[in-house]
Structure formats: C-alpha cells, structure tokens
Amino acid sequence: MATMKLLLFVAFSLISSLAATDLNEVISELQSTVLKSQILVPTPFKFAVSFEKQFGVYPSTIKMNLHGDEDHALVRDLAGCFDNNAFVTLWVTEILLEAARQPLGPAPTNNQVLYALQAISSYHDNNRPMSGSILVFWPQTYNKTTGVWSGGPQNLAYLTNDYPKLAAYLQKVLDDLGLSSLWNKLEPVVEGMYAHIWGCTGSE
C-alpha cells in the first residue's frame, strides 16, 4: 500500500518540474507500472505458496512493525503479506481519474476502471445492506454465532490460523538462510500478531 501510494504521489508531484522529453517518459512508465500492477489473475491462499489475491485490486503489502538493529530491519524489508482491501484500489483509481483531467495526463483504460469498480463493489458493508454508499476496508466474513459480518486482513488470518505450522515454517526458512538466531527476535512479534487476530497466544 505504502509503495504504490508513494510511487504515484512522488511521480505526479514532480511531473511539472521535468523537461518535456523526460515528462513523457515518466508519464508513460508510470502508466505502464500501474496498469501492470492491477491483479488480473486471482489466486487462492496456499500456505508457503501463494497469497489470496482478488481480481481487480491494486497491490498492497502488510509489513511487520519492526524497528531496531540490522536483524529487525532485514525482516521488515523481506517479510510482507499481500493484502486485499478497498482503500488502495479506491485511492489509485481516484488518482488515475484526476490525473487524466490534466493536459498531459493519460486516461486509464476502460477495463482498468471497470475491474477496479467491480472489486470495490464487493466491499459494501454487509451489516448495513440498505446503505449503498458505506464501504468497509477489508473483506468481510459472516459469524454465525454473533450474526455479524466482520472484516480483517484475510491473508494474515490464513497465515496465523495454524500457529505451530507457521512458527515451524519460519524457523526452517531462517535456518536455511543461516539466520536461525533471528527467530528469538521474530517469535514475540509473530506471537503478538497471532494474539491480536485470534485473541489468544500460539501456545494455547
């Protein structure tokens, strides 16, 4: 999410100060980058293989909130979880349409806008079916016990659903990379993430 927003914001902010030749190159490259980033092939979640990616959305990545020494910085840079949400796709689509109103701004393709709107339409709040304009941030799932639809980062929920499996996988990856000592620093973060999503610790 942050990468896409930063890319669009910086590029369009600097366009006015570039020479004509450079300007056309930047516009063309940016248009191509954004177009290619839209998810056109949906994928299911498969542990250690692929994240669930929704058709029509623009990419967004959840990062671990790690700060400190080089080890923490390495994990923060390398680890990420693809996130399906309405906000990023809404924001990118809005920026594309606003840019198209400018003299040199390229227009997004019809399919680009159509696919984004189709994805966004799935984020209407199911708890308020009659209020058509209210959207939620994340996809919702229905809780039969409470009778309420609740939203959350689904790929994170899939990842942490089986904490022992996730912990064993991360330990193996770090061992294979010769970074086994990192697990002592990473384990409390993963445990905290699990507790936040599922309301209990991985050992329970």
Side-chain angles (χ1 to χ4, degrees), residues 1-46 49-65 76-141 149-159:
M1 177 168 55
T3 302
M4 179 64 71
K5 290 173 64 178
L6 183 61
L7 174 66
L8 291 169
F9 177 77
V10 172
F12 284 120
S13 297
L14 295 178
I15 273 179
S16 60
S17 65
L18 299 174
T21 302
D22 293 334
L23 180 63
N24 290 329
E25 283 185 19
V26 170
I27 291 175
S28 178
E29 184 175 344
L30 180 60
Q31 182 184 28
S32 176
T33 298
V34 175
L35 180 61
K36 291 178 181 178
S37 72
Q38 190 175 29
I39 303 302
L40 299 181
V41 180
T43 59
F45 177 86
K46 292 183 180 179
V49 176
S50 65
F51 287 115
E52 180 181 80
K53 296 182 179 181
Q54 181 183 0
F55 180 84
V57 302
Y58 288 100
S60 174
T61 303
I62 296 175
K63 289 285 189 178
M64 289 188 175
N65 189 26
R76 181 180 176 89
D77 289 341
L78 296 180
C81 177
F82 187 93
D83 188 41
N84 298 291
N85 64 72
F87 175 79
V88 171
T89 302
L90 275 166
W91 193 88
V92 172
T93 303
E94 178 183 358
I95 294 299
L96 290 174
L97 294 175
E98 288 183 2
R101 298 176 61 188
Q102 306 306 312
L104 296 178
T109 68
N110 290 338
N111 282 341
Q112 203 175 351
V113 176
L114 174 63
Y115 298 155
L117 292 178
Q118 287 175 340
I120 292 167
S121 69
S122 68
Y123 289 86
H124 287 287
D125 188 353
N126 290 305
N127 293 306
R128 305 177 184 181
M130 301 307 293
S131 54
S133 63
I134 297 179
L135 300 176
V136 293
F137 190 94
W138 280 304
Q140 291 179 308
T141 54
W149 291 83
S150 60
Q154 291 185 328
N155 280 315
L156 268 185
Y158 297 148
L159 267 179

T141: side-chain contact (heavy atoms from CB on, under 4.5 Å) partners, not counting sequence neighbours: S150, Q154
S28 (side chain) donor-acceptor with N24 (main chain) under 3.5 angstrom: no
Flag side-chain contact, heavy atom, 4.5 Å: T61 against C81: no
Please tabulate, for the side chains in residues 104-121, all donor-acceptor contacts under 3.5 angstrom to protein atoms that are two or more places apart in sequence or on a different chain.
| from | atom 1 | to | atom 2 | distance (Å) |
| --- | --- | --- | --- | --- |
| T109 | OG1 | Q112 | N | 3.0 |
| Q112 | OE1 | T109 | N | 3.2 |
| Q112 | NE2 | Y58 | OH | 3.1 |
| S121 | OG | Q118 | O | 2.6 |

Q38: side chain to side chain donor-acceptor pair (under 3.5 Å) partners, not counting sequence neighbours: none
All N/O donor-acceptor pairs, side-chain side in residues 94-102, below 3.5 Å, sequence neighbours left out:
none

Option among D83, N85, L159 that satisfies the side-chain contact (heavy atoms from CB on, under 4.5 Å) test with I62: D83
Contacts of type side chain to side chain donor-acceptor pair (under 3.5 Å), residue N84, not counting sequence neighbours: none
Listed pairs under 3.5 Å, donor-acceptor, residues 49-56 side chains, sequence neighbours left out:
| from | atom 1 | to | atom 2 | distance (Å) |
| --- | --- | --- | --- | --- |
| S50 | OG | P44 | O | 2.8 |
| Q54 | OE1 | Y123 | OH | 2.6 |
| Q54 | NE2 | S122 | OG | 2.9 |

ring-ring contact (aromatic ring centres under 6.0 Å, His included) contacts in which one or both residues fall within residues 24-46, not counting sequence neighbours: F45-Y158
Side-chain touch L135/L90, heavy atoms, less than 4.5 angstrom: yes
Validation row: F82, S60 side chains within 4.5 angstrom (heavy atoms): no
